[in-house]
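Structure first, then comments.
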Amino acid sequence: MKVFGRNLEPDHERAMISWSPFLIALLLLMSIPVVFVLAPRILPPKTMPSIPDMDEVDDLALFRRATLASAGGEGGRGGAGIRRRALSPPKIAFLFLTNFDLVFAPLWERFFHGHERLFNVYVHADPSAELVLPPTPSFRGRFIPAKATQRSSPTLISAARRLLAAALIDDPANAFFALLSQSCVPLHSFRFAYHALLADPGTPSNLPDGRRRRRSYIEISSKDPWMWMRYVARGDDVMMPEVPFERFRAGSQFFVLARRHAVMVVRDRRFWKKFKMPCLKSRVDSCYPEEHYFPTLLDMQDPAGSTRYTLTRVNWTDSVGGHPHMYQPPEISANLIKELRKSNSTYSHLFARKFSAECLDPLLKLADSVIFQD
Ligand SMILES: *[C@@H]1O[C@H](CO)[C@@H](O)[C@H](O)[C@H]1NC(C)=O
Ligand SMILES: *[C@@H]1O[C@H](CO)[C@@H](O)[C@H](O)[C@H]1NC(C)=O
């Protein structure tokens, strides 16, 4: 026994020495899947929430329908497009992106009144906002199918694209697409705005008939001081190769697009693939995808097609937390309207933001004598 025991002992020890690293390695190996499964549940995610797959699927179907409905681009060479366009003068689609009551609807109604054949209204509101549309002629029943939206996420881009798609499908006569929010107000009469957009000489094109093409009105800038932080908000290098930093642009969240650019935006998959990525939580302060997606896309795909300025005046003086100055009733005056219309160029601003809900009455008082007087 002793002999055996003595003989066995070293063997037993050898076994311990050679088996232990193997066991440890095996255990480590087996724990890898466990780490992968559990880690995301235990560690806080490093990014903001991404867009739900179901929303993406619905949007793709909608955008495909809009692209098909607009086949032939500007001028809508699709058969139905031609027929309806021949009967109808070009229209402006007013796209309201809001999660709040449209308190300025009475002012917009006065703006629209008498021009029913020249415009359409579309409203996108987060379903959870349970918004009730004003029961007035232009807004009644103008909801489009909507999904949840939140700041610091690409959901605001999706909402704008849904509005563009719905308007493209709804009426081939929609020639311009003006994106607005609940705190936007008109600075001119409808007649003035319509003429300003439709009478623009446009840019030369290489279309066979030499027709000039309508321009889009969107700010496109490469000079934002926070550009680099905004470029890497989704992570280092993730925008490559589609969007090199030198081509990354900043611009206004609210814009007026010509029809061919609305089609370009709803067709896009290449840029969306990048811009839909959620921002890193650690860089959420630089996360404004909706201020970059549209100007970058338009500048890369049709640099001469946009004016590079916006028609919507906004006051960034003393802005806090990415919110511009919000006008209050004591500030509303004929002078303010005239001041806001002014731009650094030959054009006049057509819209302005942001106005607090209490400004409705003072603005209505100025409507006929100042705002619609031009
Ligand atoms: C812009 O906002 C600032 C306050 O943030 C205000 O003092 C100024 O008058 C506003 N400018 C115009 C043109 O309304
Ligand atoms: C005009 O340009 C100046 C200087 O670039 C700028 O501070 C101002 O905000 C601009 N005004 C408008 C209405 O764009």
Side-chain angles (χ1 to χ4, degrees), residues 94 96-111 151-152 156 178-193 195-197 216-227 229-230 249-256 284-288 290-292 294-295 306-374:
F94 290 85
F96 287 89
L97 177 49
T98 180
N99 290 334
F100 298 96
D101 287 324
L102 292 166
V103 285
F104 295 117
L107 183 62
W108 284 108
E109 285 296 354
R110 291 201 18 207
F111 171 82
R151 285 191 93 200
S152 306
L156 291 171
L179 186 68
L180 300 161
S181 77
Q182 79 284 348
S183 58
C184 290
V185 302
L187 292 176
H188 278 286
S189 66
F190 184 94
R191 191 186 301 273
F192 184 98
H195 185 77
L197 292 174
S216 286
Y217 299 80
I218 180 170
E219 185 187 7
I220 298 178
S221 157
S222 51
K223 304 227 164 56
D224 191 290
W226 307 107
M227 208 66 146
M229 283 313 294
R230 285 164 167 243
R249 295 290 177 266
S252 46
Q253 186 192 350
F254 298 95
F255 46 67
V256 178
V284 71
D285 290 347
S286 318
C287 186
Y288 297 93
E290 70 283 359
E291 292 182 6
H292 299 281
F294 300 97
S306 302
T307 59
R308 313 180 88 78
Y309 56 76
T310 174
L311 297 174
T312 303
R313 176 68 182 266
V314 58
N315 181 351
W316 287 108
T317 318
D318 306 328
S319 77
V320 211
H323 292 285
H325 176 67
M326 164 97 80
Y327 289 99
Q328 301 297 334
E331 295 175 90
I332 306 301
S333 68
N335 267 339
L336 177 69
I337 302 297
K338 286 174 185 156
E339 199 53 43
L340 295 181
R341 283 173 175 174
K342 283 185 202 158
S343 75
N344 284 346
S345 183
T346 51
Y347 66 98
S348 176
H349 290 117
L350 301 182
F351 316 109
R353 63 191 272 262
K354 295 171 94 159
F355 289 77
S356 71
E358 295 74 36
C359 292
L360 175 64
D361 282 337
L363 284 169
L364 281 175
K365 288 204 182 82
L366 291 180
D368 291 331
S369 57
V370 182
I371 302 176
F372 303 146
Q373 198 58 242
D374 38 36

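For ligands, and for the atoms within them, numbers begin at 1 and follow the listed sequence.
- Below 3.5 Å of separation, one finds an N or O of T317 facing an N or O of ligand 1.
- The protein heavy-atom contact nearest to atom 14 (O) of ligand 1 is Y327 OH, 2.6 Å.
- Screening K342, H188, R341 for a side-chain hydrogen bond (donor to acceptor under 3.5 Å, both in side chains) with S348, the sole residue that qualifies is H188.
- The list of ring-ring contact (aromatic ring centres under 6.0 Å, His included) pairs with a residue in residues 354-374, not counting sequence neighbours, reads Y327-F355.
- Counting only N and O atoms by type, the side chains of S356 and E358 include a donor and acceptor under 3.5 Å apart.
- In terms of protein heavy atoms, atom 4 (C) of ligand 1 is closest to H325 ND1, 3.6 Å.
- Atom numbering of ligand 1 starts at 1 in the shown order; those under 4.0 Å from a heavy atom of L336 are 14 (O).
- Annotation: side-chain contact (heavy atoms from CB on, under 4.5 Å) contacts of P295 (sequence neighbours excluded): I218, I220, R249.
- Looking only at heavy atoms of the protein, atom 2 (O) of ligand 1 is closest to N315 ND2, 2.3 Å.
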For this session: List the steps, then state whether side-chain contact (heavy atoms from CB on, under 4.5 Å) holds for E219 with F255.
Result: CA-CA 8 Å; E219 185 187 7; F255 46 67; over 6 Å; no
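- Protein heavy atoms are absent from the space less than 4.0 angstrom from atom 9 (O) of ligand 1.
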